[in-house]
Amino acid sequence: METATLHDRLLDDARTYDPAEHTRSLLAPYRDVLLLWRAKFMSYEQIAATLTRHGVKVSPASVGIFCRRSFTRAEIMGERKRFEDGAAHRPAAALPGPALTRADTKPTRHLPCPASAGLKSLATTTRPHP
């Protein structure tokens, strides 16, 4: 009897499940901002740190996933060209909040994957800080 009740509850959940609810992104309202930041070569880590400073808690991985799904390379390049063309005519505006320095982000440590076992010594090194 308990298995049948569980089955009925699960079936009811499956019928009322809204897949669109789980594809909505916290970053979607800021798509234009993220596009401009990516056009200005801002890293996922820098974007996540800036958003977190402004109260939007998000990981660099989430920023990367959103950007890769939302922007084509051509779209980023087009925004970069529009920015560069407009930047020659007006001074660069500073982003609100404290400036993000290289020390605010952790160095990336790449772990070797099985396909690149021969490159193990290169894959586990970290980038030096200037």
Side-chain angles (χ1 to χ4, degrees):
M1 286 275 203
E2 191 173 306
T3 304
T5 316
L6 175 61
H7 180 270
D8 291 339
R9 287 192 316 231
L10 292 173
L11 188 58
D12 185 49
D13 281 349
R15 287 183 179 134
T16 59
Y17 175 77
D18 179 13
E21 180 180 327
H22 299 281
T23 59
R24 294 184 192 120
S25 173
L26 174 69
L27 297 173
Y30 311 107
R31 184 183 188 282
D32 58 334
V33 175
L34 272 76
L35 176 60
L36 182 57
W37 280 338
R38 290 300 295 151
K40 291 183 173 186
F41 300 99
M42 206 166 169
S43 71
Y44 300 146
E45 290 83 5
Q46 291 170 320
I47 292 170
T50 302
L51 289 171
T52 299
R53 261 197 332 270
H54 291 283
V56 180
K57 293 184 179 181
V58 64
S59 70
S62 296
V63 172
I65 290 167
F66 178 83
C67 290
R68 286 188 297 273
R69 286 182 181 169
S70 300
F71 310 131
T72 63
R73 184 178 299 262
E75 190 174 13
I76 293 171
M77 296 301 289
E79 184 67 23
R80 187 171 294 149
K81 179 150 177 52
R82 279 189 294 281
F83 167 73
E84 289 171 352
D85 290 346
H89 301 293
R90 62 178 182 268
L95 291 174
L100 184 65
T101 64
R102 188 165 178 89
D104 293 333
T105 60
K106 294 179 183 176
T108 304
R109 183 161 192 241
H110 300 283
L111 299 176
C113 64
S116 63
L119 301 175
K120 185 175 182 178
S121 63
L122 294 176
T124 57
T125 59
T126 57
R127 294 182 296 187
H129 287 288

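Just so we're clear, the structure is a prediction, and the values are computed from it rather than from any experiment. Just the heavy atoms: all of them, side chains too, but no hydrogens, waters or symmetry mates, feed the values below.
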inquiry  = Nearest 0.5 angstrom please: L10 CG to T5 OG1, how far?
reply    = 10.5 Å
query = Tell me the salt bridge (charged side-chain N to carboxylate O under 4.0 Å, His left out) pairs involving residues 60-73, sequence neighbours left out?
reply = none
query = Rounded to the nearest 0.5 Å, how far apart are OG of S59 and CG of L51?
reply = 11.0 Å
query = With a 4.5 Å heavy-atom cut-off, do F71 and L34 have their side chains touching?
reply = yes
query = Between atom OG of S25 and atom CD1 of I65, what is the distance when rounded to the nearest 0.5 Å?
reply = 10.0 Å
query = Given the rule that I, L, V, M, F, W and Y join up when any side-chain heavy atoms are under 4.5 Å apart, are V33 and V56 in one cluster?
reply = yes
task = Taking the side chain as every heavy atom from C-beta outward, state whether I47 and Y30 have any atom pair closer than 4.5 Å.
result = no
key: Residue of the set D13, L11, L6 for which side-chain contact (heavy atoms from CB on, under 4.5 Å) holds with R9   = L6
task = Please name the pair of heavy atoms, one in Y44 and one in C67, separated by the smallest distance, quoted to 0.1 Å.
result = CE2-CB, 3.9 Å
request  = Look only at the side chain of R38 and the backbone of R80, and say whether a donor-acceptor pair between them is shorter than 3.5 Å.
outcome  = no
inquiry  = Are the side chains of W37 and T50 in contact, using a 4.5 Å heavy-atom criterion?
reply    = yes
query = Do you know which two heavy atoms are closest between S62 and V58, and how far apart they sit?
reply = CB-CG2, 3.5 Å
note = By salt bridge (charged side-chain N to carboxylate O under 4.0 Å, His left out), R31 pairs with (sequence neighbours left out) E75
request  = State whether E79 and R82 are salt-bridged, where the test is any N-O pair (Lys NZ or Arg NE/NH1/NH2 against Asp/Glu carboxylate O) under 4.0 Å.
outcome  = yes
